[in-house]
Every structure is written in structure tokens, then in C-alpha cells.
Amino acid sequence: MKITLHPCRIFLVVLALIVTVPILAQSKNKFVIILDAGHGGKDPGNSYHGFVEKEIALKTSLKLEQFLKKHKDIQIVYTRESDVFIPLKDRPRKANSLHANLFVSVHCNSVTNPEPYGTETFVMGLSRSKGNLEIAKQENSVILLEKDYKSAYKGFDPKNPLGMVGLQMLQEDYMNRSIALASKIQNNFVKQLNRKSRGIKQTPLWVLDAVFMPSVLIELGFLSNKNEGLYLNSDAGQSQMAEAIATAIVDYKREYFDDRSTSVTNDDNKSADKEVTKNERNGKGTPSSKSTNENDKVSFLVQFAAGTRELKLVPSNFKGLKDVSVLATNGKLFNYRYGSTTSYEIAKQNLKVVQEKGYTSAYIIAVKNGQTISLKEALK
């Protein structure tokens, strides 16, 4: 999905990389998921045909927890477990304070036209269409119900996407992972439940923009469509939707977290990916000048940042780190790495150096013949 960046946001992306761009939320023993049942209390959300969004969102979220808790290494934290009003600012604040691995917000859609139906999953991004903007206005309008919204949200205008640009530094890697999870969720809705998918969309939703982790907002369907509303309001419908979401989350966890010790992602494993350093692009000291035996050796590096802008590999861009290289994934995502050694023990020392610079979510990767391999394979 192409992301169009406002000039101000481009600057923030660069700033994010200079300051810190976490790669993956840290949790030593548990994969922490924040389940955010949309609306609640004095904020009912959408209501059509007797179907109330806050009720369906909560019931579905509670069922989702039942499926997820079967996995002992998953920890669930709710933003709300009952019909209470939770200020929008407190939802991402809770997730950030716990350093959660994932933020999942559950909602229901509606429009004045009773015909539209289907599921949508949103990730943070500038509005891509008038329809997306209307969704953004609906979900963000709860801000106006809070007494201190002007100071709490510091100029964030829930009805003006241009006013949202400066809220936070764009977390590019989190964006990509959010899209990956959204894709799994939508695929499950279609393949497992034969639901209509309206796709994965980017729109300026404050609750997603304010969390520092992969995050999605799921619109289960349209309450304005009576048939779909009946399904979503039913116990069976809620259970089926919850199970489809749970399966997607577990699949996502397996791909991005269970293999964290091996530091391998789909992007890293693509055969087209190649380790590209500044010297390679300048034609100096390229790996091709090394012997075949040297190429066959495993190198250990520390991956610490990612972004869509290619930065000059100078220490001032990376908090003083000097031995930085970059992996360009399809020319769209640049993964920044520190050090290159054939010694795993030295790599662990390099990891400490990087973490002490403030890149606390950095991790070790292994590269062989220009491709990333698992640490398990590298350490055989």
C-alpha cells in the first residue's frame, strides 16, 4: 500500500529514526495484547435497528479473549471490560505504559444508506478517500465528549486530517506490521466466514496514531445493514468473528514474535533482498570482491531501525553509531543495522552498544550470502 507523506510528516520520519524507531515491542515472557472495545458508557457509538456498537464491540472483545487465552504465552489487557466510558487518550496510554506488543480496537460501522455491508480493518495513515475521512470523524468524535480535550490532545482536530500530521513520529515498521496483521484478519473473514471484505484502509484515527506498537482498528460490519446487524448482534456471529480475529493474531504472533529470537520476517527472507552498504553503492569494497569462502561465512549484525527514507550512513543520523549498513527491501523499506562480525559473542556486545544509545528494541540478525537466515541455523 502506497503511503503519501505530508512534508511535515517526512521530517518527523527522519526525526524518528534519529531519535529512535523501535522494531518490535519488548515482552520477556508474554505476548501482550491490548483489546480495546470501542466506545462505552455515555458514548454508545453507532446505533441502528436496535443494534448498539458499544455492546457488540465489548461482547466480541470478551469472546476474542476467550480464544486467545488458550495460548499460555499470550497476556490480554482490556481498555474496558464493562459498559464504562474510557477517554480516548487513556486507551493508547495504557498500551504504551505496558509496552504491549499489539493493540487491537474493535468497532462496528454504519452509514445512512442501509445497503453497504462488509468488514474493514484500518491502520493509521493520512485519509485516502472521502469515505475514510467520514469514518475518521465518527471514531474520533468521542474526543469532543471529554472535558479537557483541548489540552489533552494538544491541537488534535478530530475533523481535520491536516491537523493530525504532527501528532507523532511515523512508526514505519509498525505501519508495515499493522498492515500485515490487517491482511490476515481480512483474509480470515473472507476464507473462514465468507464475509465480504471492504479491504485494508489507512485513515487518521487518533487511537491508532497514539500507540507505539503495531495496531489495527477492526470494523466488524455495518449495523445500518439490518441483516449484517443481526449477525453481529448474535452470539454465534460474535463468536465466529472473534475466532477469525484470534486466528489471525496467533498467526501474526507466530510470524513476528515467536521467531523473535531468530529475528526473521517475511521481508527479510525474500530472495530478492540483499545486504546493501554505503560502500557497495559507491563501488568500494563490495562483497563481490571477497572470496567465495568469505561469502559463505555467516555475519551477525544488530538491526535497530527502519523507515521509508534512506538516510546517509553518517554517525550524526544514528546517535553516534559509526558502523551502520542498510538493507533495502524492494527499494521501499530501509532497515538499518549496526556492526558486522562473524562472532556471535561480539554481536551480543554490539547489541549492548546499540541499546545503550537508546535503540532498546534492537536485536541480532544473521546474514549469509546476502540473505537473512535464522539464528538457530547460523549457530548450528
Side-chain angles (χ1 to χ4, degrees), residues 11-32 92-93 95-102 168-177 210-214 256-265 267-268 275-279 297-329 333-368 372-376 378-379:
F11 168 77
L12 291 173
V13 172
V14 176
L15 181 60
L17 283 171
I18 294 174
V19 179
T20 179
V21 181
I23 299 299
L24 184 62
Q26 299 297 301
S27 178
K28 292 183 179 179
N29 302 313
K30 297 284 188 177
F31 184 81
V32 182
R93 180 182 294 170
N96 292 335
S97 68
L98 294 173
H99 304 288
N101 299 93
L102 198 60
Q168 70 165 70
M169 295 177 289
L170 182 61
Q171 302 276 342
E172 297 273 354
D173 192 62
Y174 290 161
M175 173 73 76
N176 291 330
R177 292 175 190 268
V211 293
F212 300 105
M213 65 203 65
Y256 288 100
F257 186 83
D258 289 355
D259 292 335
R260 181 179 58 179
S261 60
T262 62
S263 305
V264 176
T265 67
D267 285 340
D268 288 330
E275 182 76 12
V276 181
T277 66
K278 182 178 181 180
N279 285 337
K297 292 181 179 179
V298 174
S299 296
F300 298 98
L301 304 93
V302 177
Q303 182 156 320
F304 65 91
T308 55
R309 281 182 63 84
E310 183 177 12
L311 299 181
K312 290 183 179 180
L313 302 183
V314 295
S316 60
N317 280 341
F318 305 100
K319 299 185 178 181
L321 293 176
K322 295 180 179 179
D323 188 13
V324 176
S325 60
V326 60
L327 171 71
T329 305
L333 184 66
F334 298 93
N335 297 286
Y336 294 92
R337 297 156 172 204
Y338 172 77
S340 180
T341 176
T342 56
S343 168
Y344 184 61
E345 292 303 314
I346 293 177
K348 289 192 288 186
Q349 295 174 20
N350 288 341
L351 177 61
K352 290 182 180 179
V353 170
V354 173
Q355 290 176 333
E356 288 173 356
K357 290 289 186 179
Y359 298 101
T360 56
S361 296
Y363 55 87
I364 297 173
I365 62 169
V367 175
K368 184 177 182 180
T372 302
I373 62 173
S374 71
L375 285 183
K376 183 183 294 185
L379 296 173

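- Contact between Val367 and Arg337 at its shortest, heavy atoms only, is CG2-NH1, 3.8 Å.
- A side-chain contact (heavy atoms from CB on, under 4.5 Å) with Gln303 is found for one member of Ile364, Leu351, Ile365 and no other, namely Ile365.
- For the side-chain contact (heavy atoms from CB on, under 4.5 Å) with Leu321, the qualifying choice from Val302, Asn350, Val314, Val354 is Val354, the only one to do so.
- Across all non-hydrogen atoms, the minimal contact from Arg177 to Pro214 is CB-CG, 3.9 Å.
- Taking OG of Ser325 as the reference point, atom OH of Tyr336 lies at 10.5 Å (rounded to 0.5 Å).
- When all heavy atoms of Lys368 and Val298 are compared, the closest pair comes out as CD-CG2, 4.1 Å.
- When every heavy atom of Lys322 is checked against every heavy atom of Pro315, the shortest pair comes out as CG-CG, 3.8 Å.
- In this structure, Asn101 contributes its side chain and Phe31 its backbone to no donor-acceptor pair below 3.5 Å.
- Remark: Lys348 engages Glu345 in a salt bridge (charged side-chain N to carboxylate O under 4.0 Å, His left out) (not counting sequence neighbours).
- Residues satisfying the side chain to side chain contact (heavy atoms under 4.5 Å, CB included) test with Glu356, not counting sequence neighbours, are none.
- Scored by the ring pair (Phe, Tyr, Trp, His ring centres under 6.0 Å) test, Phe300 finds Tyr344 as partners (sequence neighbours excluded).
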